[in-house]
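Sequential numbering from 1 along the given sequence is applied to the chain's residues.
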Amino acid sequence: MRIELAVLPGDGIGPEVTAGALRVLDAVARSAGHTVEVREYPVGWASARDGGDPLPQATLDGCLAAGAVLLGAVGHPDADRVDPERRPERGLLRLRRELGCFANLRPAMAWDALVDLSPLRPAVLRGTDLIFVRELSSGIYYGESSFDQQRGVARSTMEYTRDQIERVTRVAFDLARQRRRSVVSVDKANVLAPSRLWRSTVDALAAEYPDVSLRHMLVDRAAMELVLDPRQFDVVLTGNLFGDILSDQAAALTGSLGTLASASIGGRVDLYEPVHGSAPDIAGLGVANPMGAILSVGLMLRHTFGLEAEAAALEEAVRSVLARGLRTRDLTGGDEWLGCGAFADEIARAVALAAPAGAEAD
């Protein structure tokens, strides 16, 4: 297969983690006989700081022409002083909108070698393997809003249509069929009208998936259950606001944001990015954790290119490196740790060593 990829390194540690992820992708591709074609484009503050656009037209055109997009991170403190239209986050929202992504996938898995890093007891956390399916294109973030500082009044509206709920619900149920056939749909149907439409729409669509179990859970109960018993969850279906909050909570349970990947899918081109931000305070120091970016590549192989065996090989390489006790700085309180590039190289090497006899590898 020819994997055509638009790469947007972005800001802060974005270029570092992206470079590491691409080396791992190259190792996976070589071991399986695929070719990778990468075209790199500017985005975020790296593009806007000298008066430019956080999402240049050439970048958008390149993304729309690619098979998938890999993004490092966007954001910089200096951007707080510029016009809102030039802020890096505005470019990212435009990119998601132009690509048409409406479902955000965020896995949260407890790696056996890292369970001691979590604030939860290992006995509670071990075995956790869940994924959030978050509606990404509507809800309160895209509703009408107003802000009147003088009067001291602000308003944001939450709106969903049945079609918007149905399409993300199908993503969740289809994904559950590939996993443990369980969906928990999170809402606030006891208070919010959009949540009542959400629940009734999910119920109606569930009839098409008799092999998948469905539970409804109010968002406050879901937040509590994520801490009490995270292992009960398989696929968690949420609206935009609740998914934003709960997926970050689940991320904290794993011990480090640096380990977490995400995928934004469902539109013309899928977008993959680590969950962590640009972290400009550690940019260039070589201490960033590339796991989130590397695992985002694994999601890309699985969900966009249909390469399940290759995705599994990448994830197994990550597991084997962690099992050997190798860590980035955020994963250890000690003095011995690997830099961003060296850690990525170890994962790439693990991929190559596990390649079947006769496969091309470094």
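- When all heavy atoms are compared, the tightest approach of D11 to P88 is OD2-CB, 3.9 Å.
- Residues I165 and L197 form a side-chain contact, since some pair of their non-hydrogen atoms from C-beta on lies under 4.5 Å apart.
- Around the CZ atom of R39, the shell of radius 6.0 Å holds no more than 12 heavy atoms that belong to other residues, nucleotides or ligands.
- Using modelled atom types, no side-chain atom of R126 and backbone atom of W111 make a donor-acceptor pair closer than 3.5 Å.
- Contact check for Y41 versus L60: no side-chain heavy atoms found under the 4.5 Å cut-off.
- Distance alone, capped at 3.5 Å, is enough to place a donor-acceptor pair between the S296 side chain and the E273 backbone.
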Exercise for the section: Apply salt bridge (Lys or Arg N to Asp or Glu O under 4.0 Å) to the pair D148 and R155, showing each step before the final yes or no. Expected result: CA-CA 9 Å; D148 190 326; R155 174 177 59 89; over 6 Å; no

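- Neither L64 nor F305 shares a network with the other; the hydrophobic side chains, linked directly or stepwise wherever heavy atoms of I, L, V, M, F, W or Y lie under 4.5 Å apart, form separate groups for each.
- Tracing side-chain contacts under 4.5 Å through hydrophobic residues (I, L, V, M, F, W, Y), one never reaches L99 starting from I265; they form parts of separate clusters.
- Cation-pi geometry between R167 and F102 is met: under 6.0 angstrom from the ring centre, within 45 degrees of the axis.
- Using a 4.5 Å heavy-atom threshold, the side chains of L5 and L25 count as touching.
- No donor-acceptor pair closer than 3.5 Å links the side chain of S195 to the backbone N or O of W198.
- Using a 4.5 Å heavy-atom cutoff, the side chains of W45 and V82 are in contact.
- S31 places a side-chain N or O within 3.5 Å of a backbone atom of V28 that can act as its donor or acceptor partner.
- For the salt bridge (Lys or Arg N to Asp or Glu O under 4.0 Å) condition, no pair includes a residue of residues 277-292, sequence neighbours left out.
- Judged by distance alone, the side chains of Q178 and R302 never bring a donor and an acceptor atom under 3.5 Å apart.
- At a threshold of 4.5 Å between non-hydrogen side-chain atoms, the residues Y141 and L93 do not count as touching.
- For the side chain to side chain contact (heavy atoms under 4.5 Å, CB included) with E135, the qualifying choice from N240, L237, V171, T169 is N240, the only one to do so.
- Contact of the D187 side chain with the V219 side chain is not registered, since no non-hydrogen atoms from C-beta on lie closer than 4.5 Å.
- Using modelled atom types, one side-chain atom of D234 and one backbone atom of R180 make a donor-acceptor pair closer than 3.5 Å.
- Residue-environment remark: CZ (R221) stays at or below the threshold of 12 foreign heavy atoms within 6.0 Å.
- Side chain of R327 to main chain of L322: a donor-acceptor pair is present (N/O by atom type, distance under 3.5 Å, no hydrogens or angles).
- Judged by distance alone, the side chain of T259 and the main-chain N or O of S256 form a donor-acceptor pair under 3.5 Å.
- Tracing side-chain contacts under 4.5 Å through hydrophobic residues (I, L, V, M, F, W, Y), one reaches V351 starting from L70; they form part of the same cluster.
- Between the side chain of S145 and the backbone N or O of S156 there is no donor-acceptor pair closer than 3.5 Å.
- Proximity of a side-chain donor or acceptor of E37 to a complementary backbone N or O of R2 within less than 3.5 Å is not detected.
- Heavy-atom minimum distance, P290 versus V17: CA-CG1, 3.9 Å.
- Within 6.0 Å of the CZ atom in R181, the count of heavy atoms belonging to other residues, nucleotides or ligands exceeds 12.
- In this structure, the side chains of T328 and V287 stay at 4.5 Å or more apart for every pair of heavy atoms.
- Residues L218 and F242 do not share a hydrophobic cluster, defined by chaining ILVMFWY side chains whose heavy atoms lie under 4.5 Å apart.
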Exercise for the section: Apply salt bridge (Lys or Arg N to Asp or Glu O under 4.0 Å) to R177 and D211, showing your working. Expected result: CA-CA 8 Å; R177 278 180 165 169; D211 55 325; 3.0 Å; yes

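- Contact annotation: the side chain of L105 never approaches that of F132 to less than 4.5 Å [non-hydrogen atoms, C-beta and beyond].
- Residues L260 and L175 do not share a hydrophobic cluster, defined by chaining ILVMFWY side chains whose heavy atoms lie under 4.5 Å apart.
- When the shell of 6.0 Å around CD of E159 is examined, it contains 12 or fewer heavy atoms from other residues, nucleotides or ligands.
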Handout entry: D174/R179 under salt bridge (Lys or Arg N to Asp or Glu O under 4.0 Å): CA gap, chis, key distance, verdict
Key = CA-CA 9 Å; D174 288 341; R179 293 171 52 92; over 6 Å; no

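- Within 6.0 Å of atom CD in E208, more than 12 heavy atoms from other residues, nucleotides or ligands are found, so the atom counts as buried in its surroundings.
- Between the side chain of H34 and the backbone N or O of M1 there is at least one donor-acceptor pair closer than 3.5 Å.
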